[in-house]
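Written out below as structure tokens is the structure these notes cover.
Quick note: numbers below take in every heavy atom, side chains included, and nothing from hydrogens, waters or symmetry partners. Here is how names work: the chains are called A, B, and so on, in the same order as the sequence lines, proteins then strands, and each is numbered from 1. Bear in mind that the values here come from a model prediction, so they are computed numbers and not experimental data.
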Protein chains: 2
Amino acid sequence: MSLRHAVLGLIVELDGASGYDLMKLFEISLANVWTATQSQVYGELAKLTADGLIEVAAEGPRGRKEYRATDAGRDELRRWLVEEQPRPARRDGVLLKVFFLGQLEPERARAYLRDSAATMGERRDGLAALQQEVTWGDDNLSLYGRLTLEYGRRFFAMRKEWAEWAEAELARHAAPPEDADRA
Amino acid sequence: MSLRHAVLGLIVELDGASGYDLMKLFEISLANVWTATQSQVYGELAKLTADGLIEVAAEGPRGRKEYRATDAGRDELRRWLVEEQPRPARRDGVLLKVFFLGQLEPERARAYLRDSAATMGERRDGLAALQQEVTWGDDNLSLYGRLTLEYGRRFFAMRKEWAEWAEAELARHAAPPEDADRA
DNA sequence: CTTAGACCTTCCAGTTTTGACATGTCAATC
DNA sequence: GATTGACATGTCAAAACTGGAAGGTCTAAG
């Protein structure tokens with residue numbers, strides 16, 4: 001149950017936020033780490049409230065509800081951080097395709113990897129640019145947000161390099177018999 | 001719907017396999033790419049059969065059913081490879097924790113990253129050892145399986161290095177005022 | 001002969017995720 | 001005064017995923 005802790009964690013760090021606020025955070029700062037839809041966020045807020053981990057601290061203009069973490073909520077976040085060990089999710093649609101690329105003509109397969117390398121390069125550059133632009137504060141969210149952003153940059157860089165390597169590997173196999181016994 | 005294409009893809013490549021065979025493949029060769037439980041695999045086989053993408057080609061000893069792809073199935077796999085563009089799944093429990101590590105004492109946070117780095121190092125070494133051990137054939141599954149295995153190795157290596165870097169960053173912030181103006 | 005272990009499938013109950021649809025308020029602009 | 005757009009919440013059905021339980025068959029070793 002990670003969505004629950006993502007929501008809870010944001011509320012604890014922000015010390016008060018509405019579902020709408022959280023949605024924006026999911027879209028922006030948590031985008032590379034955990035995604036969530038509206039229905040998930042609002043649903044989870046209701047559950048967290050029912051379980052006494054958060055509470056409605058104030059109500060604002062448009063039916064806005066500002067949630068704040070209870071002591072039980074802060075304890076639970078801490079417990080999750082310390083005790084629970086996440087199993088790394090091993091699911092990757094891009095890689096799944098690579099696995100079956102042998103079903104295409106070699107030239108198409110290599111084109112796919114070249115495309116992939118280009119896309120990853122762009123993403124890496126995008127994050128690198130972001131790193132330059134953003135002025136970081138001294139708060140926790142800034143510090144740890146910076147760490148995850150750097151992770152994203154490294155991830156895309158790794159991926160780009162791998163795609164280039166893989167493309168070269170395919171090239172080697174596609175036309176190998178050229179210099180096998182050329183003295 | 002990627003599970004569907006993972007199952008379909010394996011059946012196409014193997015040119016005939018039972019649910020049991022597929023399960024083993026998911027556990028071994030597809031482990032770093034896509035995971036699936038028994039109920040998912042058998043369920044998907046039923047659906048694929050109903051949709052005419054695969055068919056029971058033979059029945060074996062223990063109620064074993066050997067599935068084979070139909071022409072429609074092969075077309076669908078190809079269509080998926082060429083047309084559909086996967087959206088990279090952005091969900092990572094380990095990173096999610098890092099995002100909230102500011103809730104712990106700095107020393108605990110650093111310990112978490114050190115642990116993480118160690119775990120990633122072990123995994124990387126595990127895959128590296130596997131690369132040495134395995135004797136690769138000349139078939140497609142071998143070639144492309146080799147590519148994804150190398151991806152896994154690079155992924156864990158990147159992750160280890162990042163965790164070490166992040167730990168150092170935290171250390172810098174934990175005790176920064178030591179040599180600011182030490183001539 | 002018997003028994004352990006690999007082989008093999010089916011079903012299910014509960015949870016999570018997805019992707020809408022529905023509803024309404026407030027602030028600023030035209 | 002009307003319209004647009006950001007703000008804000010809520011509900012739902014369908015799909016996907018989890019984690020088993022249950023039941024049965026063949027083979028080889030002891």
*Starting at CD of B:Gln40 and ending at P of D:dG20, how long is that distance when rounded to a whole Å?*
15 Å
*For A:Glu66 and D:dA8, give me the distance from atom CD to atom P, rounded to whole Å.*
10 Å
*Given the rule in the salt bridge (charged side-chain N to carboxylate O under 4.0 Å, His left out) test, do A:Glu66 and A:Arg64 qualify, once you have shown the distances and angles that lead to the verdict?*
CA-CA 6 Å; A:Glu66 193 152 324; A:Arg64 174 191 172 94; 3.4 Å; yes
*Does A:Arg153 count as lying over the ring of B:Trp162, i.e. NZ or CZ under 6.0 Å from the six-ring centre, within 45 degrees of the axis?*
no
*Does a side-chain N-to-carboxylate-O contact under 4.0 Å join B:Glu44 and B:Arg4?*
yes
_If I take atom OH in residue A:Tyr67 and atom C1' in nucleotide D:dA8, what distance separates them, rounded to the nearest angstrom?_
11 Å
Result block: side-chain N/O donor-acceptor pairs under 3.5 angstrom for residues 28-39 of chain B, not counting sequence neighbours:
unit_1	atom_1	unit_2	atom_2	d
B:Ser29	OG	B:Leu25	O	3.4
B:Thr35	OG1	A:Arg91	NE	3.2
B:Thr35	OG1	A:Arg91	NH2	3.2
B:Thr37	OG1	B:Ser39	OG	3.4
B:Thr37	OG1	B:Gln40	N	3.4

_Closer than 4.0 angstrom, basic N to acidic O: yes or no for B:Asp75 and B:Arg78?_
no
*Salt-bridged, A:Glu150 to A:Arg154, with N to O below 4.0 Å?*
yes
*Would you please name every residue forming a side chain to side chain donor-acceptor pair (under 3.5 Å) with A:Lys160, sequence neighbours left out?*
A:Glu164
*Rounded to the nearest Å, what distance is computed from the CD atom of residue B:Gln38 to the P atom of nucleotide D:dA22?*
15 Å
*How would you label the contact of A:Arg4 with the nucleic acid (heavy atoms, under 4.0 Å): base, sugar-phosphate, or nothing?*
nothing
*Is the shortest heavy-atom distance from the side chain of B:Leu101 to the side chain of B:Leu104 under 4.5 Å?*
yes
_Contact summary for A:Tyr144 and B:Phe99, nearest pair of heavy atoms_ = CB-O, 3.7 Å
_What I want to find out is whether B:Lys24 reaches B:Glu27 closely enough, with some N-O distance under 4.0 Å, to be called a salt bridge._
no
*Strand-adjacent residues in residues 11-36 of chain B, judged by heavy atoms under 4.0 Å from DNA chain C*: B:Ser18, B:Gly19, B:Tyr20
_Residues touching DNA chain C, which here means a heavy atom under 4.0 Å, drawn from residues 45-60 of chain B_ = none
*Output yes when B:Arg146 and A:Glu169 qualify as a salt bridge under the 4.0 Å nitrogen-oxygen rule, no when they do not.*
yes
*To the nearest Å, give me how far apart CD (A:Glu44) and C1' (C:dT15) are.*
11 Å
*Would you mind telling me which residue lines up with the more 5' stretch of DNA chain C, A:Pro61 or A:Ser2, judged by nearest nucleotide?*
A:Ser2
*Please report, rounded to the nearest Å, how far the C1' atom of C:dT16 is from the CG atom of A:Leu3.*
9 Å
*asked:* Can you give me the bend angle of the helix from C:dC1-D:dG30 to C:dC30-D:dG1? Use the axis through the first five pairs and the one through the last five, nearest 10 degrees.
replied: 10°
*Taking only side-chain nitrogens and oxygens of A:Arg64, does any of them come within less than 4.0 Å of OP1 or OP2 of C:dT25?*
no
*A:Arg62 side chain: which of C:dC7, C:dT17, D:dC7 is closest?*
D:dC7
*Return yes if the base of C:dG19 and the side-chain atoms of A:Ser39 contain a donor-acceptor N/O pair under 3.5 Å, otherwise no.*
yes
Only pairs under 3.5 Å count here: list side-chain donor-acceptor contacts from residues 111-128 of chain B, not counting sequence neighbours, and write none if there are none.
unit_1	atom_1	unit_2	atom_2	d
B:Arg114	NH1	B:Glu167	OE2	2.7
B:Arg114	NH2	B:Glu107	OE2	2.9
B:Thr119	OG1	B:Asp115	O	3.0

*Choose from C:dT9, D:dT18, C:dT18 the nucleotide whose nearest atom is closest to any side-chain atom of B:Tyr42.*
C:dT9
*Please give, in whole Å, the distance from D:dA8 P to A:Lys65 NZ?*
13 Å
